[in-house]
Structure formats: structure tokens, C-alpha cells
Amino acid sequence: MTFAASTFCLAKRTAAALTIFMAATLLPLSFTGGVVTTPAIQRMLGGSPGELSWLTNGFMLTFGSFLLTAGIAADAIGRKPVFIVGAALFCLSSIFIVFTNNLMMSGILRCMQGLAAAMLLASGSALLARLYTGADRTRMFGLLGTVFGAGLAFGPLAVGLITNELTWRWVYIVFTVLSGCVLLAGMMFLPQSKQESLSSSDKTGLALFTAALMVFTTAVMLLPTQGFSSLNTLALLLSSVLLFGGFIVRCLRVRNPVLDISLLRSPRFVGALLLPVATCYCYVVLLIIIPLHFMGGSGFSESQSAVYLMALTSPMLVVPYFSALLTRWFSPAALSASGLMIASAGLLFLGHTLRGNSTTFLIFSMLITGAGAGLPWGLMDGLAISSVPVKKAGMAAGLFNTVRVAGEGIALAVVSALLTEINDLNLNETVNGFSPQGIHLAASWLGGGNIKQAIAILPGVPREVLQASYNNAYSLLFQVLAAVTFICAIVIWGMLGHKTHGSAKANTDFRDDHTEY
């Protein structure tokens, strides 16, 4: 190959990679954008706590539920077509959100954005893996993780500034422009990928898995407003159990299942799957509830809350990199468990400082929590892949990413339900003269971080009473999150350190037989 041809090939590969990185910026921005803009949307469009929660929950529901389906579709019909359709769907849904004045329609459109995000992530990751091999691939995926970390760190600030200076609609105008650029760049620069036969995929098993995950996630998301005893919640939970049961039976009977159940017999792989679950409760849910606490409980503006949140998110820009370096001297199991224990301590401090007025201690607590969560953050993907045989690495990666994304939506719903339940119990003990329905509605607003709406629901109740309930709920919540994180740390330490005969060798260098260029 001549020098000119080699340079042209490198330029095309770089342009394709930059297109994928541009798409990657949309995902953390979309996740945090739905949170930061929620108070502004509520002021303009109104809505109940349950309706407003779908601006974030709807996105996470479809994102997590369709991630595995999108990955299999990308392998079957081509990564580029799935990427292009995802970018187009994201762009169209953003345009419609800009012009809609209906909160329910906004929730539906956010669900469409979650589906589009799943298509972009699954196909984009597969395309990036085909563009690079060996150490170059490791570096590019490390850069992809940095893009996600930067989006989580600075996304809330960018969205907050836009919302403050313009309106929340301009946030989705920015999403429209960015996704439109991704669409055009994808059509121009992404290579065509080899298509595989659709017959190799177990479409029935895939449908059962997707339906089970969607139904279960929806049931959990109804908990904050309808509770555990609701007929709708119980019916959905029972349906999800039946669907998951059908999926497991299907996997045990077919030749090419969506999931090889034997993977779950590996303690190391199960430990790797627990890592994203743990980081959901010690880090990801904080990206939602802390801004809502600042805006609804402390009266901060969108941009002010985002500035404070950077104390939690900024460690993600550097700690995962140093964590990878530390693996030369410490085992991934020790680093991951130690990080979660540090995050657990940070959560205890954070629960206490949110009730006080010490800005310095608040920032310190968030820095500790973010740094602790950052230690396992950069190791999780590699641990999941290296815990299984090389020939099952793709399946393991698909299951790992599904657990990570779906777990975020489920964790957020569980935390919201817990906040609502604690406030409901507190108000029933301290407030008299109101119906149980009114108290529960006020508790739902408090659980969503909106004291002003709770005061409107319970006129005559002193703000101090509601503030005390609000602070108590957050304090108890962070104690629960700290306990969950600490328990996960102990279990993960034992599972990741488990020694078995014939355990998979580290699969850090994914080799392909051919690349696109």
C-alpha cells in the first residue's frame, strides 16, 4: 500500500471514529438533560410527579430494554444501517420535543430517544471494534469511556446554563443539531459492515427477554406513585416473572440461545455483573437525585446545581485512568471493592452534609463518593470480558451492558419509591387533617425534590415540617445506599477473587480476521 493510500485509509478511519465519539456525547447529555430540565418543564407544562418522572425514566426504560436487541440487529442487518436509523430517530424525536406542549407526548418522545440511544450505542461500539484491533482498539475504547465521563461531568452544567439563559426547549434544539450532524457524518464516513444471517439469532428468546425487561422496569417505575400493593404493579411484576421464566426455559432448549445460562455459573462473571449494579446505587442515581435536591429543596438554579454536581462527576475524568495503572500492583478485585467501600463512606458523609450548611464538607463528600465509584468504573468492562471464554465475549459484553443500562433505570425508580415512602410515613405521623391521597401526593412531590408543590398540596402545613421530612428522607436514603454499596463491595471482592480451574484468560486484545480499511 502506497503512502498516499495509507494516509487516505487512516483519514477515513479517523473520520468514522470521530462520528462514533460525536454520537457518544449524545447519551450522557440525554440522560442528564432530562433531569436538569424537569423543573423548568414542570413550571411550563405542569404535570404530576409520575408524569414528570417519565422524562428520565422513559428514556432509561427503552435504552436498557432494547440495548441487546439493537446489538443483535446490528450484527444481523449491518451496523451502519442501525446507526443511521438511530441517529435519525434521535433527531426527529428531539425536534418534536421542541414543539410539543403535551407532557405525556414528551414522555413518549423521550422513550423514542432511549430506543435511538440503544441503537447508537450498540452499533457504534460494534463499528469501533471493527475499525481498530489490538492495542489501538483498547485505546479507542478507553477514549470512548472518557467521552462518556466528560459528558456526565460537564453535561449537567451545559444543560443548566442553556436552560437558565434561554429555555429548556433550546436544550432539545442542541440535541437536534448534534444528532443531525451525527446522521450526516454517519452517512458519509461510516463503513459498511458485513451482514450475518438473521436465522442465527433466536428471535423468540430475544422477544421474551426484551418484553420481560420492559415489563419489570415499568413495574418498578410505578412504585413511587402506585406503591407495592397496586394491582397494576403486582400484575406487571407477575407478568415479568413469567416472561423471564419463559426466557430461561427457551435458552436451555435452543441450540443458539440469546444467553448461555452457563455464564451465570462463573462467580467471577457474576461479580463483574454486580459492579455496574453497585455503581448505580453509589453514583448514577446521585446524578439524578442530587440536582433535584439542590433545585427543589435548596432553591438553586439549574446552573448552580450543575456546578455543585461537578464535585461528584469530575473524579470520573481521571480516577478510572489511574485505576487501570494501579492494576500493575493491585488486583482488580481489591481495587473494585476498595473503591466501593470508599464510595460507601462518602455516601454516609453526603447524607449528613445535605442536612447542614457546610459547603466545603458537601463538596468534599461528593469528591470522595465520585472518586470511590471511579475506581471500579474503568475496570468493569474488561473484567466482564476476561471472566468468560473468548468465544463468548460478545454475549458477555451484551449482557453486561444490558445489566448496566437497565440497572440504572431500575435503581432510579427504586430510589424514587424509597424517598416517597419515607416522606409518606413521616407526613402521616406529623400532619393531620388531610386525606391519605393528599399526603401521598405531597410525599411524591417531596420524593421528586419539589417542596413548593408539596406546600401547595398541604396548605397550612409549616414549611419547616415538610423540610424536616424532606431532609430525613434523604438522610435515611443515603444510609441505605451506603449499606447496599458496602454489601456489594464484600460480595464482589469474594467473587472476583474466586479461583476456578479452566477460568478464562484475560481477553484484553480482541482480534479480528479483517478490518474495514
Side-chain angles (χ1 to χ4, degrees), residues 21-47 52-60 63 87 89-103 105-107 109-114 116-117 120 147-185 284 286-314 316-317 448-450 452:
F21 292 148
M22 192 192 310
T25 62
L26 273 172
L27 306 186
L29 284 176
S30 302
F31 176 61
T32 56
V35 181
V36 177
T37 59
T38 294
I41 292 175
Q42 191 274 325
R43 290 193 295 269
M44 181 177 290
L45 303 182
L52 290 167
S53 69
W54 280 92
L55 296 176
T56 300
N57 289 346
F59 179 86
M60 297 307 300
F63 190 9
L89 182 60
F90 202 105
C91 186
L92 287 173
S93 59
S94 297
I95 292 173
F96 286 128
I97 291 176
V98 171
F99 292 103
T100 185
N101 287 310
N102 185 287
L103 190 60
M105 180 57 65
S106 296
L109 292 169
R110 285 287 288 167
C111 291
M112 291 175 59
Q113 283 192 334
L120 288 170
V147 170
F148 281 119
L152 290 175
F154 299 107
L157 179 59
V159 172
L161 288 173
I162 294 172
T163 304
N164 275 353
E165 301 301 323
L166 301 170
T167 67
W168 64 268
R169 296 188 190 275
W170 277 93
V171 173
Y172 291 95
I173 291 175
V174 172
F175 289 171
T176 300
V177 174
L178 185 56
S179 57
C181 292
V182 169
L183 175 60
L184 293 176
V284 176
L286 305 188
L287 301 176
I288 307 297
I289 62 174
I290 288 182
L292 292 178
H293 176 87
F294 287 154
M295 291 184 287
S298 302
F300 289 3
S301 67
E302 285 84 356
S303 57
Q304 284 177 315
S305 66
V307 169
Y308 275 90
L309 188 66
M310 287 183 64
L312 176 71
T313 57
S314 57
M316 281 295 174
L317 297 177
N450 197 321
K452 288 184 178 180

Test item: [X] and [Y] side chains (from C-beta on) under 4.5 Å apart, heavy atoms:
| X | Y | answer |
| --- | --- | --- |
| L45 | W168 | yes |
| Y172 | T37 | yes |
| S30 | F63 | no |
| V171 | L29 | no |

Pairs touching residues 89-99 that satisfy side chain to side chain donor-acceptor pair (under 3.5 Å), sequence neighbours left out: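 Counting only pairs at least two positions apart or across chains, the side chain to side chain donor-acceptor pair (under 3.5 Å) contacts touching residues 89-99 are S94-Q113.
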
ring-ring contact (aromatic ring centres under 6.0 Å, His included) partners of F21, counting only residues at least two apart: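 F21: no ring-ring contact (aromatic ring centres under 6.0 Å, His included) contacts found.
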
Rounded to the nearest 0.5 Å, how far does [atom2] of [Y] lie from [atom1] of [X]?
| X | Y | atom1 | atom2 | answer |
| --- | --- | --- | --- | --- |
| F99 | I173 | CZ | CD1 | 7.0 Å |
| T313 | L286 | OG1 | CG | 11.0 Å |
| L55 | Q42 | CG | CD | 10.5 Å |
| I97 | R110 | CD1 | CZ | 6.0 Å |
| F59 | L27 | CZ | CG | 6.0 Å |
| I95 | L109 | CD1 | CG | 11.0 Å |

Restricting to non-hydrogen atoms, name the atom on T100 and the atom on R169 that form the minimum distance, rounded to 0.1 Å.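 Of all heavy-atom pairs spanning T100 and R169, the closest is O-NH1, 3.0 Å.
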
Closest non-hydrogen contact found for A87 with V182 is CB-CG1, 4.0 Å

Without swapping roles, check the side chain of S179 against the backbone of F175 for a donor-acceptor pair under 3.5 Å.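 Such a contact is found between S179 side chain and F175 backbone.
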
I'd like a table of donor-acceptor pairs (distance under 3.5 Å, sequence neighbours excluded) in which one partner is a side-chain atom from residues 150-162, with atom names and distances.
none

Side chain to side chain contact (heavy atoms under 4.5 Å, CB included) against T25, all qualifying residues, sequence neighbours excluded: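 Per chain and number, T25 pairs via side chain to side chain contact (heavy atoms under 4.5 Å, CB included) with V147, L178.
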
